[in-house]
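Encoded as structure tokens, the structure appears first; notes follow it.
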Amino acid sequence: VKISSVTLKMVTMTMKVTVISLVMMMITYAQAQSITSTNGELHFTSPNASFTSDVYVGNKVSVLSLSNSLSYQPKYTNVLSYGAGNNVDDTAAFQQAVIAACSTPLQSGTIYIPTGIYYISSTIWFNSTCRVKLIGDSPHLTVINLNSNTPTFIFQKTLTWGLLIQDLGFVATVNRSSSTFVITAYECIQCRFLRLRFVGTSSPFTYMGGGFNLLTTSNAVTFQDIFFNIFSGSMIECYAANLVWVSRAVGYGARAGSSNNRAVTTSAGIRFLGNSHNIMIDSISLQYVENGIVTEATAGVSNVRILISNSNFVVNGRALLLLDATFVTMTGCSIEFSDIDGVYMGSGNSRFHMQGGSIVRSGGASGCTNPTTSCNGLLATSGSFNLNQVFFGHNEGRAVHVTSSSVINFSINGNTFISNRMAMNLTDGSQYIVNGNLCASNIQPANIYTGSGGTVSMNTNCVI
């Protein structure tokens with residue numbers, strides 16, 4: 001909107017201060033092109049706002065009256081204006097819309113993708129200083145078909161600040177590899193990803209690859225209301241991220257045809273590659289994915305402080321695969337039908353705490369190839385852990401299995417073990433407390449070695 005000049009007359013010193021403050025606010029908000037003063041009158045010109053004003057004074061009371069309030073209409077870029085929606089290939093139109101949005105004075109803007117079906121065949125690039133919002137109508141109304149095994153949106157470093165992507169649906173019309181992500185962002189600061197849908201197809205069978213890939217020092221990132229179905233990579237993958245919140249995310253895989261990936265870390269719901277801190281995961285559900293949450297120490301740098309609450313894991317491989325020295329707390333969660341282990345603590349010396357009404361059950365119920373070594377509730381090879389008020393039931397292997405003397409300083413208190421092949425096998429651990437647990441209907445109760453600083457007391461039907 002083109003705005004004409006506005007004259008504000010200063011009547012009293014008090015009014016001068018008030019009007020100048022108002023004008024400066026308008027200049028900041030509306031990006032004024034010019035401001036001049038003539039004979040005590042202030043002339044204000046802006047391309048983005050429209051208002052007129054008069055000043056009245058009576059009985060020593062200054063009254064400022066704006067005959068028309070400041071109005072500002074944010075600009076947005078509609079992809080249809082650049083030729084999208086042609087039912088063939090919309091890649092060039094999307095790229096032109098991005099260039100237009102990133103060419104504004106502040107290199108920021110909203111890219112609107114209306115209801116419709118769009119086709120993208122190669123990568124859409126966002127330059128290093130562009131801050132945009134990608135907005136659709138809903139994940140089921142604004143649908144983007146991905147016609148190639150290439151990354152879709154790449155936000156180049158440095159400082160992807162304030163990125164917002166919401167109300168979009170993505171469909172893989174070809175098989176996409178686990179390392180091909182829909183959204184890749186470098187240094188994503190205060191970014192939000194809301195109400196998004198990523199799916200493969202079942203007829204013919206095509207896999208969505210990965211969803212989000214956050215690289216190099218992301219901070220304050222929110223994922224909320226995210227849905228995945230039939231995917232081969234990770235829903236979310238992070239390196240060096242801080243303050244990440246994942247809430248109300250659902251991942252639904254396909255057990256058939258993907259069993260070879262069950263021990264592969266690249267196929268997971270959420271994967272932390274290292275140096276990520278203060279992660280909060282709440283109210284997520286991962287159904288028949290290969291692995292639930294994976295932590296690794298890329299370049300030898302572990303993750304720190306991951307809190308998982310009120311979530312459900314029905315996985316083909318492992319619900320938690322801890323391969324670094326991270327701290328993980330799990331509260332009020334359910335782990336079911338893991339074909340390898342519910343929780344696996346690898347050689348990275350992780351610290352794991354599970355409490356508060358959590359359930360680990362039915363490990364190997366859908367197919368346990370080797371119940372003497374697999375299908376455990378928790379398998380620890382290093383590190384330390386604490387289990388408090390957790391239910392372990394119907395696991396084809398051991399509910400809790402410690403395989404190395406490097407697993408130290410752990411406690412198993414107030415838990416229930418029912419109908420497992422074995423409640424506990426702790427022959428190799430050291431410096432531990434097993435107290436107040438209840439065991440019933442297990443094929444074998446427990447095998448506990450107490451010669452390395454272990455204390456076992458007040459357990460019911462748990463010790464051989």
Side-chain angles (χ1 to χ4, degrees), residues 154-155 157-163 165 178-179 181-194 196 210-224 226 228 233-249 251 264-284 286 289-311 313 315 318-331 333 343-354 382-385:
I154 295 184
F155 299 84
K157 61 181 180 183
T158 56
L159 283 180
T160 304
W161 189 286
L163 172 65
I165 302 179
S178 61
S179 59
F181 291 88
V182 178
I183 298 168
T184 298
Y186 295 81
E187 298 186 20
C188 204
I189 311 298
Q190 295 183 9
C191 297
R192 293 173 294 159
F193 304 100
L194 311 175
L196 300 172
F212 305 91
N213 188 17
L214 301 186
L215 299 171
T216 62
T217 321
S218 296
N219 198 335
V221 181
T222 298
F223 300 90
Q224 192 171 63
I226 310 297
F228 277 78
S234 299
M235 293 165 52
I236 301 170
E237 191 167 295
C238 299
Y239 175 74
N242 181 47
L243 291 174
V244 176
W245 181 39
V246 183
S247 177
R248 300 200 302 264
V264 178
T265 60
T266 54
S267 180
I270 305 174
R271 185 181 177 205
F272 298 102
L273 298 178
N275 199 25
S276 292
H277 304 255
N278 305 312
I279 311 299
M280 291 152 283
I281 301 171
D282 178 66
S283 300
I284 72 169
L286 301 179
V289 301
E290 302 305 338
N291 296 286
I293 297 174
V294 178
T295 68
E296 302 174 69
T298 302
V301 182
S302 294
N303 303 281
V304 179
R305 291 183 296 277
I306 300 175
L307 173 62
I308 308 167
S309 60
N310 306 314
S311 297
F313 301 85
V315 297
R318 291 164 169 141
L320 294 185
L321 183 55
L322 309 179
L323 303 177
D324 63 345
T326 189
F327 296 83
V328 178
T329 297
M330 178 175 273
T331 303
C333 295
V343 178
Y344 177 78
M345 300 171 61
S347 59
N349 288 309
S350 57
R351 273 79 80 191
F352 175 65
H353 178 57
M354 191 174 196
S382 72
S384 61
F385 63 88

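The shortest side-chain heavy-atom distance between R305 and N278 falls under the 4.5 Å cut-off. The shortest distance between side-chain heavy atoms of L196 and F223 does not fall below 4.5 Å. A 4.5 Å side-chain heavy-atom check between I270 and I279 finds every atom pair outside the cut-off. The side-chain heavy atoms of I308 and C333, taken from C-beta on, include a pair separated by under 4.5 Å. In this structure, V328 and I293 have side chains that are not in contact, with every pair of non-hydrogen atoms separated by 4.5 Å or more.
A search for salt bridge (charged side-chain N to carboxylate O under 4.0 Å, His left out) contacts involving R248 returns D225, not counting sequence neighbours. Shown here are the side-chain contact (heavy atoms from CB on, under 4.5 Å) partners of A240, two or more places apart in sequence or in another chain: N275.
Considering F155, W245, F212 as possible partners of F193, the one that fulfils the ring-ring contact (aromatic ring centres under 6.0 Å, His included) test is F212.
Between the CZ atom of R271 and the OG atom of S276 there is a distance of 11.5 Å, given to the nearest 0.5 Å. Note that CG of L322 is 11.5 Å distant from OG of S347, once rounded to the nearest 0.5 Å. Residue I306 holds its CD1 atom at 10.5 Å from CE of M330, rounded to the nearest 0.5 Å. Atom-to-atom distance recorded for L323:CG and F272:CZ is 13.5 Å, nearest 0.5 angstrom. A distance of 9.0 Å separates CE of M354 from OG1 of T331, quoted to the nearest 0.5 Å. Rounded to the nearest 0.5 angstrom, D282 CG and L307 CG are separated by 8.0 Å.
Counting only distance, with no hydrogens or angles, the side chain of S218 and the backbone of A241 share no donor-acceptor pair below 3.5 Å. The backbone N or O of S267 lies less than 3.5 Å from a partner atom in the side chain of N291, making a donor-acceptor pair. Side chain of T298 to backbone of L273: a donor-acceptor contact under 3.5 angstrom is found.
The environment of R192 atom CZ is sparse: at most 12 non-hydrogen atoms of other residues, nucleotides or ligands sit within 6.0 angstrom.
Nearest heavy-atom pair, L243 versus M280, reported as atom, atom and distance to 0.1 Å: CD2-CE, 4.4 Å. Smallest separation of non-hydrogen atoms from A249 and M235: CB-CE, 4.2 Å. Taking each heavy atom of S302 and A325 in turn, the nearest pair found is OG-N, 3.0 Å. For the pair N303 and E296, the tightest heavy-atom approach, listed with the atom from each and the gap, is ND2-O, 3.1 Å. When every heavy atom of F313 is checked against every heavy atom of A319, the shortest pair comes out as CB-CB, 3.8 Å. Among all heavy-atom pairs drawn from S384 and R351, the shortest one is OG-CG, 3.2 Å.
S283 and N310 share no side-chain donor-acceptor pair at under 3.5 Å.
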Next item on the list: Before giving the answer on side-chain contact (heavy atoms from CB on, under 4.5 Å), spell out for F228 and V289 the whole-Å C-alpha distance, their side-chain angles and the decisive distance to 0.1 Å.
Entry: CA-CA 10 Å; F228 277 78; V289 301; over 6 Å; no

